[in-house]
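Note: hydrogens, waters and symmetry copies are ignored here, and every other heavy atom, side chains too, is used. Proteins come first, then strands; the chains are lettered A, B, ... in the order of their sequence lines, and each starts at number 1.
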There are 2 protein chains.
Amino acid sequence: MKLITRDTDYAIRALCFIAKCEKEIVPVSELNRNLRIPGPFLRKILQILNKKRLLRSYKGKGGGFMLALAPNKIFLADLIEIFQGSLKLNECIFKKRICPDRKTCKLKKRIDNIQKQVISELKDITLASLLDEVRTYRAKGA
Amino acid sequence: MKLITRDTDYAIRALCFIAKCEKEIVPVSELNRNLRIPGPFLRKILQILNKKRLLRSYKGKGGGFMLALAPNKIFLADLIEIFQGSLKLNECIFKKRICPDRKTCKLKKRIDNIQKQVISELKDITLASLLDEVRTYRAKGA
DNA sequence: CAAAATGATACTAATCTGGTATCATTATAA
DNA sequence: TTATAATGATACCAGATTAGTATCATTTTG
Ligand code: SF4
Ligand code: SF4
């Protein structure tokens, strides 16, 4: 069982690369050259990040993507939310039916508890904290 | 994303039922009558628990399953291990290839850390702690 | 021997994850 | 003003995992 799926992982790598890149605006082609991520898949991911306002995109020649937020304002918890939906360690739903024991189930209570802890850990993790060293970031508002 | 899959959940419910049951040896047919779990699936699960020595099974008329351990010796962590393999929140393997960044990746370090916490939480959860009230358990060694 | 139980195992169905393919749109620069 | 280099939108496909069935063999007891 994975806490982060591949989309999320790829997204993080791409964001890190963009954050550290000399250029402010980075085209997918550049990412393709540097990261080992399937091209079209990566593109899809970046488009999603754009829609979700973590990236800003520029079309046309010379275009590409740039960070819309400073790396210390980008949280892993948000990326997980975007690509995997809100983190739930146990939904207690079978075949679209809610488990009838949900109110009293002790197991559920325990898992809910663990979940809270995980989420609070996740909220501490920013993109900035994942960069090896903060090199050439120049976005406004950093 | 789920911390426990359905097998594990079913296993817990079944074990709870057996633990609380008047009879020491409980046939699957009895569980079927009381739990909303697909019959053949539950059987498979119990057979696995038997192989893994959490249950003891008795064949033939009057047979069934009984707990092989006291409920306070049955750990959720073990059930997860049995049905889902060893808990890894991020395996860092893509297409059977290990991610080349594994040594240095800060993300991995963070997730490994969370994983440790989750595992330690899980080790605290016993079957006994999931029973509403310990009623009629009479297994040896309790 | 019949009935009631588990043992073993192979198969199928549904869902989720990871990834492609295609065509449309936009912006720049020669 | 047109070729080119970029993203936008969307539909599709493939593999893996999870969930569940089906079948037949074996054992035990009355
Ligand atoms: S039994 Fe408890 S944990 Fe399992 S699905 Fe129902 S409520 Fe959730
Ligand atoms: S990038 Fe880090 S987290 Fe993602 S797979 Fe590689 S090592 Fe694991």
Side-chain angles (χ1 to χ4, degrees), chain A residues 1-11 13-14 18 23 25-33 35-53 55-66 68 80 82-85 88 90-91 93-97 99, chain B residues 1-11 13-14 18 23 25-33 35-53 55-66 68 80 82-85 88 90-91 93-97 99:
Chain A
M1 171 229 19
K2 280 168 286 185
L3 188 57
I4 62 170
T5 56
R6 209 162 305 185
D7 327 9
T8 309
D9 192 277
Y10 287 164
R13 293 202 228 170
I18 293 170
K23 291 177 243 178
I25 297 178
V26 186
V28 177
S29 57
E30 174 113 10
L31 294 168
N32 281 333
R33 255 174 273 122
L35 307 172
R36 284 165 301 262
I37 300 176
F41 194 24
L42 178 55
R43 245 188 95 201
K44 191 166 69 170
I45 289 168
L46 295 180
Q47 286 180 3
I48 291 169
L49 290 173
N50 175 49
K51 270 195 190 156
K52 297 293 182 174
R53 309 280 173 185
L55 288 176
R56 230 173 277 150
S57 78
Y58 300 90
K59 282 172 123 182
K61 216 168 184 175
F65 296 89
M66 78 178 255
I80 289 178
I82 288 169
F83 292 103
Q84 309 173 206
K88 292 203 176 87
N90 195 1
E91 306 189 48
I93 291 175
F94 299 155
K95 299 261 183 213
K96 287 152 197 165
R97 279 222 168 61
C99 176
Chain B
M1 173 230 17
K2 279 167 285 183
L3 189 56
I4 62 171
T5 56
R6 209 162 304 184
D7 329 13
T8 308
D9 192 278
Y10 287 164
R13 293 201 228 170
I18 294 171
K23 291 177 245 177
I25 296 178
V26 186
V28 177
S29 56
E30 174 112 12
L31 294 169
N32 282 333
R33 255 175 273 122
L35 307 172
R36 284 166 302 263
I37 300 176
F41 195 22
L42 178 55
R43 244 188 96 203
K44 191 166 70 170
I45 289 169
L46 295 181
Q47 285 180 4
I48 291 169
L49 289 173
N50 175 48
K51 270 194 190 157
K52 297 293 182 175
R53 310 278 173 186
L55 287 176
R56 231 172 279 151
S57 78
Y58 299 90
K59 284 172 123 182
K61 215 167 183 172
F65 296 88
M66 78 178 256
I80 290 178
I82 288 169
F83 292 102
Q84 310 173 207
K88 291 202 176 86
N90 194 2
E91 305 191 49
I93 290 176
F94 299 155
K95 299 265 185 210
K96 287 153 198 165
R97 279 221 167 61
C99 176

Rounded to whole Å, CD1 of A:Ile48 lies from P of D:dT7 at a distance of 15 Å

Whole-Å distance, A:Leu42 CG to C:dG19 P, equals 11 Å

OP1 or OP2 of D:dG8 less than 4.0 angstrom from a side-chain nitrogen or oxygen of A:Asn50, does that happen here? yes

So which protein N/O to nucleotides 21-23 of chain C N/O distances come out below 3.5 Å?
none

With 3.5 Å as the limit, what N/O pairs link the protein to nucleotides 26-29 of chain D?
unit_1 : atom_1 : unit_2  : atom_2 : d
D:dT27 : O4'    : B:Lys59 : NZ     : 3.2
D:dT28 : O2     : B:Lys61 : N      : 3.3

note: A:Arg36, atom CZ; C:dG19, atom P; distance rounded to Å ~ 14 Å

Residues at least two apart in sequence or cross-chain that pass salt bridge (Lys or Arg N to Asp or Glu O under 4.0 Å) with A:Glu30, listed by chain then number, are A:Lys23, A:Arg33

_Between B:Ser29 and C:dA4, is there a contact of a side-chain N or O with OP1 or OP2 at under 4.0 Å?_
no

Practice task
Start with the C-alpha distance between B:Ile82 and B:Thr8, add both sets of side-chain angles, then the distance that settles side-chain contact (heavy atoms from CB on, under 4.5 Å), and finish with yes or no.
Solution key: CA-CA 8 Å; B:Ile82 288 169; B:Thr8 308; over 6 Å; no

Side-chain atoms of residues 44-52 of chain B: list all donor-acceptor pairs with protein atoms under 3.5 Å, sequence neighbours left out, distances to 0.1 Å.
unit_1  : atom_1 : unit_2  : atom_2 : d
B:Asn50 : OD1    : B:Ser57 : N      : 3.4
B:Asn50 : ND2    : B:Ser57 : OG     : 3.4

d(B:Glu91 CD, A:Met1 CE) to nearest 0.5 Å is 9.0 Å

So, OP1 or OP2 of C:dG7: does either fall under 4.0 Å of a side-chain N or O from B:Ser57?
yes

Whole-Å distance, A:Glu91 CD to C:dT15 P, equals 14 Å

Rounded to the nearest 0.5 Å, the NZ atom of B:Lys2 sits from the CD1 atom of A:Ile93 at a distance of 10.5 Å

In whole angstroms, the gap separating C1' of D:dA5 from CG of A:Leu31 amounts to 15 Å

Of B:Pro27 and A:Asp7, the one whose closest nucleotide on DNA chain C sits nearer the 5' end is B:Pro27

Distance col, row A:Asn90:CG vs B:Arg6:CZ, nearest 0.5 angstrom, shows 10.0 Å

Taken in chain and number order and not counting sequence neighbours, the residues that satisfy salt bridge (Lys or Arg N to Asp or Glu O under 4.0 Å) with A:Arg13 are A:Asp9

Measure from the side-chain N and O atoms of B:Gln84 to the backbone N and O of B:Asp7, and report whether any donor-acceptor pair falls under 3.5 Å. no

Whole-Å distance, B:Ile25 CD1 to C:dT6 P, equals 10 Å

When rounded to whole Å, the CD to P distance for the pair B:Gln47 and D:dT21 reads 15 Å

Residue set satisfying side-chain contact (heavy atoms from CB on, under 4.5 Å) with B:Ile25, at least two apart, ordered chain then number -> B:Tyr58, B:Met66

Review point. When you look at A:Tyr10 and B:Phe94, which way does the ring-ring contact (aromatic ring centres under 6.0 Å, His included) test go after all the steps?
Key: CA-CA 11 Å; A:Tyr10 287 164; B:Phe94 299 155; 5.7 Å; yes

Whole-Å distance, A:Phe41 CZ to D:dA14 C1', equals 13 Å

Report yes if a side-chain nitrogen or oxygen of B:Arg6 is closer than 4.0 Å to either non-bridging phosphate oxygen (OP1 or OP2) of D:dT18; otherwise report no. no

- Task: For B:Tyr10, answer base if it contacts any base atom (sugar-phosphate contacts may also be present), sugar-phosphate if it contacts only those atoms, and nothing otherwise; contact means non-hydrogen atoms under 4.0 Å.
- Result: sugar-phosphate

- Would you say B:Lys2 reaches D:dA19's phosphate, i.e. side-chain N/O to OP1/OP2 under 4.0 Å? yes

